Every structure is written in structure tokens, then in C-alpha cells.
Peer 1: 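Got a structure for you, written out below as C-alpha cells; questions coming shortly.
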There are 2 protein chains.
Amino acid sequence: MSERLDEQARHMLRETKLYCTEARVAILRVLLEANGPLRQDQIAGWESHKLNKVTVYRTLDSLAEAGLVHRAFLQNRAWHFELADHCSEKQCHPHFTCTNCGVTRCMTDISLPLAKIPQKGYVISRQQVRLEGLCPACA
Amino acid sequence: MSERLDEQARHMLRETKLYCTEARVAILRVLLEANGPLRQDQIAGWESHKLNKVTVYRTLDSLAEAGLVHRAFLQNRAWHFELADHCSEKQCHPHFTCTNCGVTRCMTDISLPLAKIPQKGYVISRQQVRLEGLCPACA
DNA sequence: TCAGAATATGCAACTGAGTTGCATATTTTT
DNA sequence: AAAAATATGCAACTCAGTTGCATATTCTGA
Ligand SMILES: [Zn+2]
Ligand SMILES: [Zn+2]
Ligand SMILES: [Zn+2]
Ligand SMILES: [Zn+2]
């Protein structure tokens with residue numbers, strides 16, 4: 001099954017005309033396996049892959065540019081990345097963060113209506129929602 | 001009228017039982033005058049006030065803790081602060097950022113419905129929305 | 001299949017916003 | 001006015017992100 005994910009990653013890269021390098025495949029695999037947003041250092045250290053920090057940085061940059069990956073949100077000064085395919089065209093799923101224990105969870109089963117800007121001329125290409133509160137364990 | 005703002009700032013501080021210091025009054029005034037979220041360095045350098053960076057940092061921290069000020073939900077590495085009174089109890093107004101020219105605008109006239117989390121046990125205390133796209137000038 | 005072009009990698013060194021300890025100054029309270 | 005409570009500012013630190021440059025990989029097309 002790791003074969004399967006590798007193949008999937010390679011396919012995604014070919015689709016977007018990105019060089020199919022070891023680092024890109026590894027990073028896409030990590031994101032495919034993860035069930036939520038990850039920090040760069042989490043990706044770099046995933047299962048002792050020991051990917052170089054700068055490579056991870058530049059790879060995520062290229063993956064984001066290609067639209068395969070999104071910068072989900074900034075938390076504690078660090079970007080959190082996740083696959084873009086969890087998101088619809090214009091709206092990413094909301095993320096909930098517990099103010100007590102700090103866990104962040106993808107709320108893939110919720111979606112809010114797209115905002116309508118009354119002033120003429122605005123074009124919205126992406127809407128992001130952040131929820132803050134207490135998780136079941138802390139409430 | 002700057003007298004007016006000073007008085008207003010002092011009043012806010014007294015209300016929240018915070019020490020009424022020169023730095024706090026100055027920073028509140030800056031935020032009262034500003035029409036959008038500001039970075040710490042913008043606040044520190046506002047009209048040659050030349051406030052100390054660490055003081056600005058700790059002051060904003062205390063103002064946020066007291067609920068007078070909020071950290072806006074933007075996609076930048078630097079926090080942006082604004083007065084909290086633009087926000088309702090559970091929801092802050094959305095912020096729109098133009099991906100072309102970079103301007104950020106408070107969308108105080110829009111509001112989305114509060115998210116409903118289907119899973120039991122979650123308590124949402126705050127919802128924040130970020131919009132990205134093209135402003136009228138860039139569209 | 002192999003040379004050359006195009007692109008990615010990794011080291012080291014830097015940036016920039018935030019953060020902290022500690023001695024001193026200010027504000028409040030008594 | 002003195003004491004207690006809190007805020008300020010310097011300097012030094014953290015840490016994720018970022019960049020230059022030499023080297024290594026990947027891709028392309030003869
Ligand atoms: Zn929790
Ligand atoms: Zn997510
Ligand atoms: Zn614009
Ligand atoms: Zn705002």
C-alpha cells in the first residue's frame with residue numbers, strides 16, 4: 001500500500017508537470033497519509049525520513065504553487081500544510097482549534113455559505129474559516 | 001479631537017482595570033484612529049511616536065487579554081491587531097485580502113452564519129473568516 | 001541511450017517577528 | 001508620601017522561514 005501512495009504521488013506530480021523527485025514524492029506521501037495539516041518540521045521528520053529543511057520548504061512552495069497543496073493556516077508562527085483536494089474550488093473546510101489543549105481539527109463535514117461582498121468589483125477566490133473554542137475533551 | 005480620543009482610550013482602560021499608562025493610551029489611540037488591522041511595527045512607528053518594540057508587544061498582549069483588542073485572522077507571519085469592538089460576541093468581521101496588490105480590508109458589513117459542528121461536545125467561542133481574491137482596482 | 005538543458009537539492013549564513021530576564025521607572029493604593 | 005503592584009526598556013535570545021551558491025538530479029531530444 002505504500003507502493004500505492006507512491007504511485008498516486010507520482011501521478012499527481014506528472015499531472016502538474018512537476019519534476020518527479022524523491023523529495024516531492026516523499027512529501028506528497030506524508031500528506032496523503034496524514035489526516036490533517038502538518039508543519040514543515042513534522043513533514044521533514046515524518047517516520048525518520050529526515051528530509052532536509054530547505055528542501056521541504058522549497059518543495060512545499062512548489063506544490064502549493066502547483067495547487068496540489070494549501071497553506072491551511074498559521075499557528076504558533078508556523079505554517080500548516082495539507083493536500084488541497086480536501087477543499088472545494090473556492091472554499092477550504094473550516095479548522096477548529098481548542099483554546100485549552102491546543103488541538104486543531106479539520107472540520108470537513110461543515111461548510112458555510114460563500115460570503116457575498118455588497119460592494120461592486122470584488123472577486124473572491126478563496127474563503128477560509130477558523131473556529132476557536134473548546135473540544136469535547138476540554139469542554 | 002485628539003483630546004477626545006485620548007479620553008476615550010483612558011476610559012477604556014479604566015473600564016477594564018488596566019493601569020492607565022502613556023504607552024497604553026498611545027496604542028489605543030493609534031488603533032482608534034486606524035481603520036484596519038495593524039502590525040506591531042506599524043503601531044510602534046505611528047506618526048513618529050517611536051514606541052518601544054517590547055512595550056508595544058506586551059501592551060498589545062495585555063489589551064488583547066483584557067478583550068479590548070483582537071488579533072485578526074490573516075495569512076501573514078506578523079500578527080495584525082485591531083480594536084475588538086468591531087466584532088460581535090462570537091464572530092469577528094471577515095477580512096478581505098487582495099492577492100494582487102495586497103491590501104486588506106475589514107468587511108464590517110458582511111457576516112456569515114455561525115458554524116454548527118455536528119459532533120457532540122464542541123463549544124465554539126469565536127469564528128473568524130478570511131477572504132482572498134481581487135479588489136475592485138485589481139480585478 | 002547519452003549529452004545538454006532545465007530544475008532541484010543542501011549547506012551555511014541570514015532575516016524578522018516574537019519572546020524573556022532583569023534592573024529600573026510609573027502608576028495605584030494605603 | 002511610602003509601599004505595593006505593575007509597566008517599561010535594554011540586550012540578548014528563539015525559531016520558522018528565507019536566500020545565495022555550488023552541486024546533484026531529472027528530463028528532453030538527438
Ligand atoms: Zn481541547
Ligand atoms: Zn484541514
Ligand atoms: Zn488589489
Ligand atoms: Zn477588521
Side-chain angles (χ1 to χ4, degrees), chain A residues 6-7 9-30 37-46 48-66 68-82 102 104, chain B residues 6-7 9-30 37-46 48-66 68-82 102 104:
Chain A
D6 269 28
E7 200 35 63
R10 266 184 250 282
H11 179 70
M12 293 166 78
L13 290 170
R14 266 184 248 111
E15 287 286 291
T16 48
K17 302 202 160 58
L18 285 175
Y19 271 33
C20 204
T21 69
E22 208 183 315
R24 288 212 179 115
V25 173
I27 289 170
L28 274 180
R29 266 201 48 184
V30 169
L38 296 177
R39 295 190 312 267
Q40 303 197 17
D41 62 289
Q42 293 177 309
I43 294 171
W46 191 268
S48 60
H49 267 188
K50 291 305 174 202
L51 293 159
N52 178 275
K53 166 193 160 163
V54 178
T55 300
V56 171
Y57 166 72
R58 286 200 264 234
T59 297
L60 287 169
D61 219 39
S62 62
L63 295 178
E65 176 119 11
L68 293 175
V69 152
H70 274 176
R71 270 168 255 260
F73 53 84
L74 207 46
Q75 193 170 74
N76 299 321
R77 317 207 37 69
W79 278 109
H80 289 241
F81 291 83
E82 64 185 356
T104 292
Chain B
D6 270 27
E7 201 34 65
R10 267 184 251 281
H11 178 69
M12 293 166 77
L13 290 169
R14 267 184 247 110
E15 286 286 290
T16 47
K17 303 199 160 56
L18 285 174
Y19 272 31
C20 205
T21 70
E22 207 183 314
R24 289 210 179 117
V25 173
I27 289 170
L28 275 179
R29 264 201 51 186
V30 169
L38 295 178
R39 294 189 313 266
Q40 304 197 17
D41 62 289
Q42 293 177 309
I43 295 170
W46 191 268
S48 60
H49 269 188
K50 289 304 171 200
L51 293 160
N52 178 276
K53 166 192 161 166
V54 178
T55 300
V56 171
Y57 167 72
R58 286 199 263 234
T59 297
L60 288 169
D61 219 38
S62 63
L63 294 178
E65 177 120 9
L68 292 175
V69 150
H70 274 175
R71 275 170 251 260
F73 172 50
L74 301 179
Q75 212 65 334
N76 301 311
R77 276 182 62 62
W79 278 113
H80 282 66
F81 293 83
E82 64 184 354
T104 291

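Everything numeric here is computed off the predicted structure, so don't read it as measured data. Chain letters run A, B, ... following the sequence lines, proteins first, then strands; residues in each count from 1.
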Peer 1: Please tabulate, one pair per line, all N/O donor-acceptor pairs under 3.5 Å involving side-chain atoms of residues 72-81 of chain B, not counting sequence neighbours.
Peer 2:
| unit_1 | atom_1 | unit_2 | atom_2 | d |
| --- | --- | --- | --- | --- |
| Gln75(B) | NE2 | Gln128(A) | OE1 | 3.3 |
| Arg77(B) | NH1 | Arg77(A) | O | 2.6 |
| His80(B) | ND1 | Ala78(B) | O | 3.0 |

Peer 1: If the test is side-chain contact (heavy atoms from CB on, under 4.5 Å), which one of Leu60(A), Leu28(A), Ile27(A) qualifies with Leu68(A)?
Peer 2: Leu28(A)
Peer 1: Starting from P on dT19(C), measure out to CG on Asp41(B) and report it in whole angstrom.
Peer 2: 14 Å
Peer 1: Taking only residues two or more places apart in sequence or in another chain, which ones pass side chain to side chain donor-acceptor pair (under 3.5 Å) with Glu82(A)?
Peer 2: His93(A), His95(A)
Peer 1: Write down the distance between CG (Leu38(A)) and P (dA16(D)), rounded to a whole number of angstrom.
Peer 2: 15 Å
Peer 1: Mark up nucleotides 2-15 of chain D, 5' to 3', with B wherever a protein heavy atom is under 4.0 angstrom from a base atom, S wherever such an atom reaches only the sugar-phosphate, and - elsewhere.
Peer 2: ---BSSBBBB----
Peer 1: Mind jotting down which residue pairs meet the salt bridge (Lys or Arg N to Asp or Glu O under 4.0 Å) criterion with at least one end in residues 15-26 of chain A? Sequence neighbours excluded, please.
Peer 2: none
Peer 1: So, does Gln40(B) get its side chain near the phosphate of dA17(C), meaning an N or O under 4.0 Å from OP1 or OP2?
Peer 2: no
Peer 1: With respect to the phosphate group of dT18(D), does any side-chain polar atom (N or O) of Tyr57(A) fall under 4.0 Å of OP1 or OP2?
Peer 2: yes
Peer 1: Rounded to whole angstrom units, what separation is found between the CD atom of Gln75(A) and the C1' atom of dG17(D)?
Peer 2: 17 Å
Peer 1: Let me know the distance between CG of Asp61(B) and P of dT19(C), rounded to the nearest Å.
Peer 2: 7 Å
Peer 1: Just to verify, what does Arg29(B) make a salt bridge (Lys or Arg N to Asp or Glu O under 4.0 Å) with, not counting sequence neighbours?
Peer 2: Asp6(B), Glu33(B)
Peer 1: Going by the rule salt bridge (Lys or Arg N to Asp or Glu O under 4.0 Å), which residues pair with Arg58(B) if we only count those two or more places apart in sequence or in a different chain?
Peer 2: none
Peer 1: Expressed in angstrom and rounded to an integer, what is the separation of Arg14(A) atom CZ from dT26(D) atom C1'?
Peer 2: 13 Å
Peer 1: Over how many whole Å does the gap from Arg71(B) atom CZ to dG18(C) atom C1' extend?
Peer 2: 11 Å
Peer 1: Give me the bend of the helix from dT1(C)-dA30(D) to dT30(C)-dA1(D), using the axes of the five pairs at each end, rounded to 10°.
Peer 2: 40°
Peer 1: Test of understanding: with side chain to side chain contact (heavy atoms under 4.5 Å, CB included), list the residues that count as partners of Asp41(A), not counting sequence neighbours.
Peer 2: Arg39(A)
Peer 1: Taking only residues two or more places apart in sequence, or in another chain, which ones meet Glu7(B) in a salt bridge (Lys or Arg N to Asp or Glu O under 4.0 Å)?
Peer 2: Arg14(B)
Peer 1: Taking side chain as C-beta onward, heavy atoms only, is Val54(A) less than 4.5 Å from Gln40(A)?
Peer 2: no
